Amino acid sequence: MIAKVIVDVPSRQTDRPFDYEVPYEMQEWLELGSRVGVPFGGRVLQGFVIDLTESASVDRTRLKPIAELLDPVPPLLPDMIELSRWMSDKYCCSWTQALQAMIPAALKGKEERQIGLGEPDEEYGLPAELKEWIANSGGLVKLDALIAKYPQHLKAVKHALAKGTLTQQSSIKDRLAVRKVLTVFLPESRLPLEHALEQVPARAAKQREALQWMYGREEPIALQELAQQTGVSSASIKPLVEKGLLELREVEKERDPYAHRQFTRTSPLPLTEGQREVFGRIAEALDARQGRTMLLHGVTGSGKTEVYLQSIQYCLDQGRQAIVLVPEISLTPQMVERFKGRFGDAVAVLHSRLSSGERFDEWRKIRSKKAQVAIGARSAIFAPFEQIGLIIIDEEHESSYKQEESPKYHARDVAVRRAKQHGAAVVLGSATPSLESFAAASRPAANPGASALLPMPYRVGGRPMPPVEVVDMREELRAGNRSMFSRQLHAALQERLERGEQSVLLLNRRGYSTFVMCRSCGHTAACPHCDISLTFHQKSRVLRCHYCGHAEGAPAECPECGSEHIRYFGTGTQRVEEELAKLFPGIRVIRMDVDTTSEKHAHEKLLKQFGDRQADVLLGTQMVAKGLDFPYVTLVGVIAADTSLHLPDFRAAEKTFQLLTQVAGRAGRHELEGEVVIQTYTPEHYAITTAQTHDYAAFVSEELRHRSVMGYPPYCRLVLVTMSHEQLPLLSTVSERFAAELRELAEHEGVLAPLGSGLPRALEVLGPVASPIARMKDRYRFQCVIKYRGSIDASAIVRRALQPFTEGPQQKGIGFSVDVDPQVIL
DNA sequence: AGCACGCCGACT
DNA sequence: GTCGGCGTGCTC
């Protein structure tokens with residue numbers, strides 16, 4: 001048998017299957033999707049089996065055998081192999097990158113080489129100390145350790161390896177082994193308790209106690225836990241084990257990050273009429289098993305989560321599994337609690353706060369069918385379920401569903417594709433759907449595969465949306481108020497303090513960073529390797545570059561003019577905090593921004609404090625806008641709504657509207673009535689006026705008009721190609737050639753035409769132009785934007801255009817990066 | 001990505 | 001005369 005293997009080398013030249021012979025003793029265990037170690041170019045690499053056949057694509061005698069099988073159960077399922085192939089085509093990434101994205105990081109094996117003594121050396125003198133060390137280390141040492149200990153002998157080692165006086169063997173070592181726990185068992189065939197006790201000395205009270213306790217329990221228990229529960233130290237267990245009265249074995253332990261938590265079980269709530277109708281449509285789609293996609297457009301507080309929960313129950317009752325994607329930031333304990341409360345241990349939770357070991361264990365719960373529901377951020381879309389019935393994507397519009405590193409996939413698109421494979425239903429939920437999803441769902445149902453729109457326009461309990469007041473900050477200035485708080489917001493805050501209610505303040509900080517400027521000459525600190533200003537880090541008083549990591553101390557005087565008038569533009573939230581303290585002495589503020597949430601559980605801790613009413617105000621950036629639900633919050637204030645509105649990004653208005661709508665939904669979700677105050681310098685902008693009236697439809701129709709005129713999604717699709725090189729002139733020529741190549745290929749396909757041409761299929765290439773960040777890590781950057789509409793396989797065109805630049809005679813280190821459906825093109 | 005093979009400058 | 005520089009090319 002022959003296995004086709006994708007080896008873990010992310011290079012274009014090796015991005016294809018390589019054939020290997022399956023050793024006889026491996027045949028029974030090797031499966032499609034197995035992870036293996038294979039000899040490749042003189043070393044052993046990790047790879048994935050993507051096909052098992054009888055026919056080789058090269059001369060069979062050239063085949064090498066697979067060196068090792070790395071897991072007892074293949075980490076990939078057959079459908080995921082197909083999905084990875086699709087991803088590598090669509091997102092122009094290597095196949096191995098796509099495969100790697102699907103499994104937990106703990107399963108990324110690395111080669112480990114061991115060096116041993118070979119034929120006795122005569123003429124080739126190995127340094128004696130080296131020989132001795134190897135001999136004393138049991139004859140085998142890790143190459144890494146050797147290099148660390150004797151870097152000066154590296155040459156001699158290479159020689160010896162070539163001569164055979166040293167030998168080496170490689171194997172794949174996982175980043176993380178399964179955690180083993182010493183566990184105490186009662187023996188299979190055990191003596192009755194009284195007979196067993198006879199064998200224990202009468203004065204060994206602790207041993208007797210432990211033995212009795214184990215007989216009473218019968219179940220195995222971790223040694224440590226036994227010690228804890230009985231107060232018997234492990235030293236007293238040892239003699240019992242030696243006598244054969246107890247057994248001690250290493251047992252695989254699954255780390256359950258939620259093990260110590262109790263979740264109150266909840267039952268399905270009665271649905272409102274609106275919820276029932278939507279649930280009915282989802283159930284229909286689940287019954288149909290056709291891979292339908294639905295857009296659940298529900299205002300904040302309309303009870304989407306309960307619909308999700310009952311739909312999942314319906315799916316589980318069909319014997320199928322469900323995946324729930326939520327944005328990382330809203331994967332809070334509150335959220336987890338709701339799912340654990342309804343489905344208990346059947347829920348696996350995958351989020352970035354878990355250690356790689358914990359994450360691996362949650363993943364194994366899914367793979368071993370102990371869990372039927374996976375809830376997690378973006379990458380949870382790859383949960384290894386065998387029969388997916390339902391995929392829910394909550395807050396569908398969130399940009400965090402797009403991965404910004406290769407493979408630059410969008411979880412929503414992967415979900416739709418994966419659902420097709422499984423005949424699963426996809427539910428995209430949002431109060432402010434992305435224009436792409438909304439347009440897809442409102443298209444006349446010409447094709448049966450098109451997605452359907454499920455509206456939920458009313459809040460549960462008939463609570464009204466909170467009134468939103470928009471304050472024109474220009475008026476404030478005219479009235480002589482130079483504070484960052486308008487009179488209205490000031491009064492509203494005062495009122496909350498007096499009534500003992502809580503407020504949320506949002507500082508829209510997108511596109512607005514912490515930098516350092518000299519007030520005398522205007523000099524700003526910039527990164528020496530990138531065209532970007534350095535970010536000031538309050539805590540360490542260090543200036544850092546976000547892109548390359550360059551760091552330098554914050555200067556006391558201007559390096560340009562020597563002036564001491566250096567202004568540190570802090571996080572913004574700090575300034576707001578200071579001003580709050582000035583205006584309202586004694587006010588208790590919890591500040592949430594990158595500075596205060598960098599520690600591991602800081603985010604949850606701060607929210608818990610706020611929930612426990614230990615503060616009057618929760619002040620923060622975007623992260624305070626998402627999914628929070630506190631009954632005593634009756635005021636939401638937005639300090640400056642405009643900051644994200646004027647970014648040179650075609651989604652600026654959409655992002656602003658979404659943010660304002662989300663944050664407005666945080667107020668008055670319970671008995672107490674809420675109020676929202678939005679401060680802005682452009683109160684007439686449609687993103688603000690429509691957010692004020694909670695009018696999504698009005699926003700969309702205006703925004704669609706703009707997109708149509710400007711030629712942006714959803715009226716077309718985009719591919720962004722960024723090229724980089726140290727030498728500007730070379731980069732410039734090559735990028736021109738690449739753009740020409742693209743145009744030529746499109747011409748050949750008969751699709752090269754301006755988008756304004758009105759043709760149903762059209763593709764145009766913009767650029768190359770310098771990227772918004774024109775230099776990064778000492779490399780210049782140029783970009784091309786491809787806009788297209790209609791059934792065009794733009795990825796295929798890009799891949800073909802790349803060929804001459806990445807194959808054949810080495811193309812002197814030009815870096816190409818392809819972003820299909822980019823979130824930001826600036 | 002590595003690693004090996006291969007053809008030109010500064011050293012014992 | 002050799003060691004080693006990294007350009008080019010291959011890995012089942």
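Here is the naming used below: chain letters follow the sequence lines, and residue numbers restart at 1 for every chain. Just so you know, these numbers come straight off a predicted model, no measurement behind them.
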To the nearest Å, how far apart are [X] [atom1] and [N] [atom2]?
X        : N      : atom1 : atom2 : value
A:Ile172 : B:dA1  : CD1   : P     : 18 Å
A:Glu21  : C:dC12 : CD    : P     : 13 Å
A:Asp8   : C:dC12 : CG    : C1'   : 16 Å
A:Gln13  : B:dA1  : CD    : P     : 9 Å
A:Leu45  : B:dA1  : CG    : P     : 13 Å
A:Arg16  : C:dT11 : CZ    : P     : 8 Å
A:Phe18  : B:dG2  : CZ    : C1'   : 13 Å

* To do: Could you list by number each residue of residues 48-68 of chain A showing a heavy-atom separation from DNA chain C of less than 4.0 Å, or answer none if no residue does?
  =>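 Of all residues in residues 48-68 of chain A, the ones placing a heavy atom under 4.0 Å from DNA chain C are A:Val58, A:Arg62, A:Leu63, A:Lys64.
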
* Would you kindly say whether A:Gln97 and A:Ser406 are connected by a side-chain donor-acceptor distance under 3.5 Å? =>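 A:Ser406 and A:Gln97 do have a side-chain donor-acceptor pair below 3.5 Å.
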
* To do: Establish, from distance only, whether the side-chain atoms of A:Gln27 and A:Glu25 form a donor-acceptor pair under 3.5 Å.
  =>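 Note: A:Gln27 and A:Glu25 side chains miss the donor-acceptor criterion.
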
* To do: Would you sort out whether A:Phe382 and A:Ile323 count as a side-chain contact (heavy atoms from CB on, under 4.5 Å), showing the intermediate values?
  => CA-CA 9 Å; A:Phe382 302 117; A:Ile323 296 174; over 6 Å; no

* Asked: Relative to A:Trp95, does A:Arg16 satisfy both conditions: NZ or CZ under 6.0 angstrom from the six-membered ring centre, and within 45 degrees of the ring's axis?
  ->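 Judged by the rule, A:Arg16 and A:Trp95 form no cation-pi pair.
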
* Salt bridge A:Asp361-A:Arg364, side-chain N to carboxylate O under 4.0 Å ->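 Salt bridge: yes.
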
Side-chain donor-acceptor pairs of residues 64-76 of chain A under 3.5 Å, sequence neighbours excluded:
| from | atom 1 | to | atom 2 | distance (Å) |
| --- | --- | --- | --- | --- |
| A:Glu68 | OE2 | A:Ile172 | N | 2.6 |
| A:Asp71 | OD1 | A:Arg35 | NH2 | 2.8 |
| A:Asp71 | OD2 | A:Arg35 | NE | 2.9 |

* Asked: Checking all strands, does A:Phe40 fall into the base, sugar-phosphate, or nothing category for heavy-atom contacts under 4.0 angstrom?
  ->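 Base contact.
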
* To do: Remember a base hit wins even if backbone is also touched, and classify A:Pro17 as base, sugar-phosphate or nothing at under 4.0 Å, heavy atoms.
  =>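 No contact at all - A:Pro17 keeps every heavy atom at 4.0 Å or more from the nucleic acid.
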
Detail all sub-3.5 Å separations between protein N/O atoms and N/O atoms belonging to nucleotides 3-7 of chain C.
| from | atom 1 | to | atom 2 | distance (Å) |
| --- | --- | --- | --- | --- |
| C:dG4 | OP1 | A:Lys155 | NZ | 3.3 |

* Asked: Excluding sequence neighbours, so at least two apart, what forms ring-ring contact (aromatic ring centres under 6.0 Å, His included) with A:Phe385?
  ->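 A:Phe385 satisfies ring-ring contact (aromatic ring centres under 6.0 Å, His included) with no other residue.
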
Tabulated below should be each protein N or O lying under 3.5 Å from an N or O of nucleotides 3-5 of chain B; please produce it.
| from | atom 1 | to | atom 2 | distance (Å) |
| --- | --- | --- | --- | --- |
| B:dC3 | OP1 | A:Arg113 | NH2 | 2.3 |

* **Considering all heavy atoms, the nearest A:Asp15-A:Cys93 contact** =>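 That would be OD2-O, 4.2 Å.
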
* **Sequence-distant partners of A:Arg799, side-chain hydrogen bond (donor to acceptor under 3.5 Å, both in side chains), two or more places apart** =>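 A:Arg799 satisfies side-chain hydrogen bond (donor to acceptor under 3.5 Å, both in side chains) with no residue once adjacent residues are dropped.
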
* Heavy-atom check, side chain of A:Lys402 versus side chain of A:Arg412, under 4.5 Å ->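 Contact flag for A:Lys402/A:Arg412 side chains = no.
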
* For the pair A:Thr53 (side chain) and A:Ser55 (backbone), establish whether a donor and an acceptor sit closer than 3.5 Å, ignoring hydrogens and angles. =>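 Yes, the answer is positive, given that a donor and an acceptor are paired below the 3.5 Å cut-off.
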
